[in-house]
Amino acid sequence: MQRGWFVRRSRTEGLAIDEMNDAWVKCNGCQQILFARDFERNLKVCPRCGHHHRLSARERIELLADPATFVERDAEVVSADPLGFPEYADKLSKGRANSGLPEAMVSGTCTLSGIPIVLAVADFAFMGGSMGSAVGEKVARAMEYALEQRLPIVICSCSGGARMQEGLLSLMQMAKTCAAAAKLHEIGIPYISVLTDPTMAGVLASYASVGDVVIAEPGALIGFAGQRVAQQAQVVKPPPNFQTAEFQLEHGMVDIVVPRKELKHTLQRILRFFTGG
Amino acid sequence: MRTILDFEKPIAELDANIEALKRITAEQGIDKSEQIAALERDRERLLREIFRNLTPWDRTLLARHPQRPYALDYIRVIFDDFIELHGDRQFGDDGAIIGGMAWLNEKPVMVIGQQKGRDLKERQRRNFGMAKPEGYRKALRLMHLAQKFGRPVITFVDTPAADPGVESESRGISEAIARNLREMIMLKVPIVSIVIGEGGSGGALGIAVADRVLMLEYAIYSVIPPEGCAAILWRDPKRAPEAAEALKLTAHDAQRFGVVDEVIEEPLGGAHRDPLAAAQTVKEALLRHLPPLQKLSVGKLRESRYERYRNLGMWHIATE
């Protein structure tokens, strides 16, 4: 198991009340103070209100992959600064420091309840999980590897969208990832897309929406335009659950909303439908 | 009412003087032809000078120029016997995306375009060129129709963005765009896209996955509008001109990144000064790019389209 990206412990989202004392966290949903150990044991889902807090890529992989089966691939693919964009180099270093990862997407192979799969997971702590050339390349490579090995692929998205700092090249990753997805679609390789909080804009409008099955985590923010843009000058008033997993389920854009503690089991059942029998 | 951009003002003043002299000639029979010719020479020299030094922000304003020719203006000049087809067969008909059958010099083609409105009423009907899910689904329906009968597809790209509203979200705007990206990659007939004005992010890309992407000289293509970028970067949308610079959104940048295959030169002073000539140039470009694509086998065509998109992007290989 490669652990290059494992070196630094990523930031926990639930806020530590006392920075010196990690024993307590505050829920971002109900603001209740929670015992950190219970919170962690409950997969960062608030035991009181059910709010699903963000997981790092490492935590998500631990949740889904069978112990010690994840082998990372393409870790060497990292962002360049093709536009010489203001502050981008700085943001990249901060992203690396915040996430402990070389890039906003971690991909590799593992088994999930014994089923061999390709797994790719985005990490929000790296520049909001945004998709630049490197992320697009890693998604495309993961899909191509799934195709080559005839393995099902699971991609967990967690992203604000395309990465502005790489301009048009980021936009083109939407086409690139969908091109790879098109090949999976044509050959019939199962692709399961898991939308976690948040999955927005250029990521939702590309590979994340073309899975054979699209799963979302409860309460996840899932939408096309930023809330501010979407609500400006609107004729139709947005409903209270606008751009949530539940809203997308109601409008037919998501197959199932699955609580985190059932995610692995649900994935196993779906993968079995495609690959077993 | 004609819109005159700030950097176009010296030209507009000269135009007014030339007009006045012509009026004197016509009304009073006084020969002013020498003065007129001199002013026209000045005008051309000035135009050349101004348009040689355009900033990315100037180009953004030109791409959005209210007099700039829109998709239907090009279609009327370039093609014969255009029959517009409507509706996505699922929800409705989107005025922001138009499409239909047409003939390009005796060859049948499917034409699709994003359409902005010229006056207030039409702008509302066209939703300022911002397509909704039904627009992208109509476009895909027409592409599949083209595929069924072996007709190439030509798309005209001109949108600030896909529609960001509540309705569009409810009907799956992201899914509609994503599906188009996946389906266009696999389409069995040639696709040529021309960015004629604003190439606004995913909204533009939703009809712009093609074997050849052409772009007019003063069009822009960007992942985010400069105003939005400036708001995020500096919390100040007024710094859009700087953002336009940083985003590298000009036609020549797009060509440098491999996103665009050819930059189509516009008439002196921009397409809005001579829409007919602009359309003729676009037509010539289409006639140059389409026939070689039509000679390729379906397999070869799709393979090169895949490779074209697969290779886009610039990243590093980390050494440790």
Side-chain angles (χ1 to χ4, degrees), chain A residues 75-80 82-83 85-87 102 132-134 136-137 140 162-164 166-176 178-183 185-186 201-202 204-210 223-226 229-232 234-239 242-243 247-248 251-253, chain B residues 161-186 199 201-206 208-209 221-224 228-229 232-234 242-243 246-249 253-254 257-259 305-306 308-320:
Chain A
E76 70 280 7
V77 175
V78 296
S79 292
L83 273 54
F85 198 90
E87 300 160 38
S133 301
E137 180 67 20
R163 192 176 290 170
M164 182 177 82
E166 289 182 32
L168 198 47
L169 289 171
S170 291
L171 186 69
M172 290 304 134
Q173 304 311 306
M174 294 172 65
K176 174 158 128 186
C178 283
K183 289 219 162 166
H185 179 65
E186 197 171 51
L204 186 65
S206 67
Y207 69 87
S209 279
V210 294
F224 179 67
V229 181
Q231 287 172 17
Q232 265 167 18
Q234 277 312 312
V235 189
V236 183
K237 199 170 166 274
F242 186 56
Q243 291 186 333
F247 172 91
Q248 299 296 357
H251 288 89
M253 299 305 144
Chain B
D163 179 71
V166 174
E167 277 181 278
S168 287
E169 192 73 74
S170 306
R171 295 197 288 275
I173 184 72
S174 302
E175 192 275 345
I177 292 173
R179 180 178 296 267
N180 279 19
L181 303 183
R182 190 185 72 183
E183 294 294 312
M184 290 182 86
I185 282 287
M186 288 295 167
S201 192
L205 189 61
V209 174
Y221 203 172
S222 183
V223 69
I224 185 172
C229 175
I232 293 171
L233 268 189
W234 303 298
E242 284 167 76
L247 283 166
K248 305 277 186 285
L249 44 62
D253 291 317
F257 295 139
V259 174
R305 193 185 302 142
Y306 182 84
R308 185 183 191 285
Y309 285 92
R310 181 64 187 82
N311 293 329
L312 287 176
M314 290 182 193
W315 36 270
H316 273 321
I317 291 288
T319 39
E320 20 179 313

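Treat the numbers as computed from the prediction; the structure is a model and nothing was measured. A, B, ... follow the sequence lines: proteins, then strands. Residue 1 opens every chain.
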Study note, to complete from the structure: Per-residue tally against chain A (heavy atom, under 4.5 Å) across B/L205, B/N311, B/N180, B/D253 peaks at B/L205
Review point. A/F247 versus chain B, heavy atoms under 4.5 Å apart: side chain, backbone, both or neither?
Key: side chain
Exercise for review: Check each atom of A/A208 against the heavy atoms of chain B and say whether the ones under 4.5 Å are side chain, backbone, both or neither.
Suggested key: neither
Revision key, fill the gap. Honestly, the part of A/S206 sitting under 4.5 Å from a heavy atom of chain B is both
**Study point:** Straight-line distance of B/I224 CD1 to B/L249 CG, nearest 0.5 Å
**Key:** 11.5 Å
Point to revise | Side chain, backbone, both or neither of B/I185 within contact of chain A (heavy atoms, under 4.5 Å) | key: side chain
Point to revise | Under 4.5 Å from any heavy atom of chain A - which part of B/L247 | key: both
Review point. What part of A/F85 gets closer than 4.5 Å to chain B, counting heavy atoms only: side chain, backbone, both or neither?
Key: side chain
Study note, to complete from the structure: Among B/S170, B/G228, B/A161, the residue with the most heavy-atom pairs under 4.5 Å to chain A is B/S170
Exercise for review: Identify the two heavy atoms, one from B/R305 and one from B/M186, that lie closest to each other, and give their separation to 0.1 Å.
Suggested key: NH1-C, 3.9 Å
Check your understanding: Distance from A/Y207 atom OH to B/L181 atom CG, nearest 0.5 Å?
Key -> 13.0 Å
Practice item. Flag the one option from A/M174, A/Q173, A/H185 with the top tally of heavy-atom pairs under 4.5 Å to chain B. Key: A/H185
Study note, to complete from the structure: Between B/G258 and B/L312, the two heavy atoms sitting closest are O-CD2, 3.5 Å
Check your understanding: Between A/G167 and B/V223, what is the shortest heavy-atom contact and its length?
Key -> O-CB, 3.4 Å
Review point. So which heavy atom on A/S170 is nearest to which on A/A162, and how close?
Key: CB-CB, 4.1 Å
Exercise for review: Sort out for me which of B/S201, B/G199, B/G172, B/G202 touches chain A most, counting heavy-atom pairs under 4.5 Å.
Suggested key: B/S201
Point to revise | Portion of A/M164 that has a non-hydrogen atom of chain B nearer than 4.5 angstrom | key: both
Check your understanding: If you look at every heavy atom in B/A162 and B/I177, which pair is closest and at what distance?
Key -> CB-CD1, 3.9 Å
Review point. Using non-hydrogen atoms only, which part of B/R310 is less than 4.5 Å away from chain A: side chain, backbone, both, or neither?
Key: both
**Study point:** Gap separating the CZ atom of B/R182 from the CZ atom of B/R179, nearest 0.5 angstrom
**Key:** 5.5 Å
Revision key, fill the gap. Nearest heavy-atom contact between A/V77 and A/A134 is CG1-O, 3.8 Å
**Study point:** Closest-packed option against chain B by number of heavy-atom pairs under 4.5 Å, given A/G252, A/G136, A/P239, A/S209
**Key:** A/S209
Practice item. Please state whether the side chain, the backbone, both or neither of B/S222 comes within less than 4.5 Å of a heavy atom of chain A. Key: backbone
Exercise for review: Working to the nearest 0.5 Å, report the span between OG of A/S79 and CD of A/E137.
Suggested key: 11.5 Å
**Study point:** Portion of B/R171 that has a non-hydrogen atom of chain A nearer than 4.5 angstrom
**Key:** backbone
Review point. So which of B/Y221, B/Y309, B/Y306 has the biggest tally of heavy-atom pairs under 4.5 Å with chain A?
Key: B/Y306
